[in-house]
Number of protein chains: 2
Amino acid sequence: MMKPAQVVKALAALAQPTRLAIYRLLVARGPEGVTAGDIAAKLKAAPATLSFHFRTLSHAGLVESRQEGRFVYYTANFAVMNSMVAYLTENCCGGNPDACKPK
Amino acid sequence: MMKPAQVVKALAALAQPTRLAIYRLLVARGPEGVTAGDIAAKLKAAPATLSFHFRTLSHAGLVESRQEGRFVYYTANFAVMNSMVAYLTENCCGGNPDACKPK
DNA sequence: CAGACATTTTAATAATTGTTTAACAATGGA
DNA sequence: TCCATTGTTAAACAATTATTAAAATGTCTG
């Protein structure tokens, strides 16, 4: 179970256009990850700006990084995303969740 | 399908402790909703502060309100939450979503 | 209609956040 | 070793956001 402050941090990390785009790239890529440079190229953002955003995402637990040679690979942490979603929908409709499930 | 800006707005709306607590109360309560006053009592927050947060949540599409007499009932909009989650996990792992589903 | 109640609006202030530029560290190939 | 490449850090500034207090709006009850 996540604490409220962790959830707020994760939501805040995703609540920014550049970071949301980064996260989606990483989700789409899967466990292999994407290098910082590839993300910079795809999003057309300055390296320093991205580095700032990577740090925010990492600190929120939503992404992880590993260094390979000169490259840094970032990957999405799916467990944290799933916990966050679980937190948001917890105890839905007082235990009668039919009213809030997708059709 | 939601647009990125809508998703960012919804995430930003939830990325604040008071609003996250409001939202969870509404999710737990279901379609009946909760009055602004009840939420103020449960969260021990000033009415003006809550009104500000309700507006943020409403504007993001996450909650709806209806007036009944002197009371305003707020309810969670589950469809928007589900769309938001779908947006975040879209195209997961390049179409091979096993790696990112909860166990 | 007068007064009490429920909630919103406005205006002001304090705190947080995003971007840029420049300088810095680490890696690997010539 | 020297240099180009990859990415991070630091400092400064602009912009956004949260909170409070006070005044205003709307709704019911007597």
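So that the names make sense, note that chain A is the first sequence line, chain B the second, and so on, each numbered from 1.
Checked by atom type and distance alone, the side chain of S51(B) never pairs as donor or acceptor with a backbone atom of P47(B) at under 3.5 Å. A donor-acceptor pair under 3.5 Å is absent between the side-chain atoms of R29(A) and the main chain of A76(A), judged by distance alone.
Each of E68(A) and A46(A) was matched to the nucleotide of DNA chain C holding its nearest heavy atom; the match closer to the 5' end belongs to A46(A). For T56(A) and G69(A), each mapped to the nucleotide of DNA chain C holding its nearest heavy atom, the one lying further toward the 5' end belongs to T56(A).
For DNA chain D, the contact window with chain A, defined by any atom under 4.0 Å from a protein heavy atom, covers dT5(D) to dT9(D) in 5' to 3' order.
The rotation axes computed at either terminus of the helix from dC1(C)-dG30(D) to dA30(C)-dT1(D) lie 30° apart, taking five pairs at each end and rounding to 10 degrees.
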How does each nucleotide of nucleotides 2-17 of chain C score, in 5' to 3' order, for protein heavy atoms under 4.0 Å: base (B), sugar-phosphate only (S), or none (-)? ---BSSBB--------

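In terms of the ring-ring contact (aromatic ring centres under 6.0 Å, His included) criterion, residue partners of F54(B) (sequence neighbours excluded) are, by chain and number, Y74(B).
When hydrophobic residues (I, L, V, M, F, W, Y) are linked wherever their side-chain heavy atoms come within less than 4.5 Å, the members clustered with Y73(B) are F71(B).
Grouping the Ile, Leu, Val, Met, Phe, Trp and Tyr side chains by contacts below 4.5 angstrom, directly or via other members, places L43(A) apart from F52(A).
The line from CG of L88(B) to CE of M84(B) is 6.0 Å long, rounded to the nearest 0.5 Å.
Pairs of residues two or more places apart, or lying in two chains, that qualify as salt bridge (Lys or Arg N to Asp or Glu O under 4.0 Å) and include a residue from residues 75-97 of chain B are R24(A)-E90(B).
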Output, in order, the C-alpha distance, side-chain angles, deciding distance and verdict of side-chain contact (heavy atoms from CB on, under 4.5 Å) for L11(B) and L11(A). CA-CA 6 Å; L11(B) 289 164; L11(A) 289 164; 3.7 Å; yes

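Ion pair E68(B)/R66(B) flagged as a salt bridge, since at least one NZ, NE, NH1 or NH2 atom sits closer than 4.0 Å to an Asp/Glu carboxylate oxygen.
Among L20(A), T18(A), L14(A), the one residue that satisfies the side-chain contact (heavy atoms from CB on, under 4.5 Å) test with V8(B) is L20(A).
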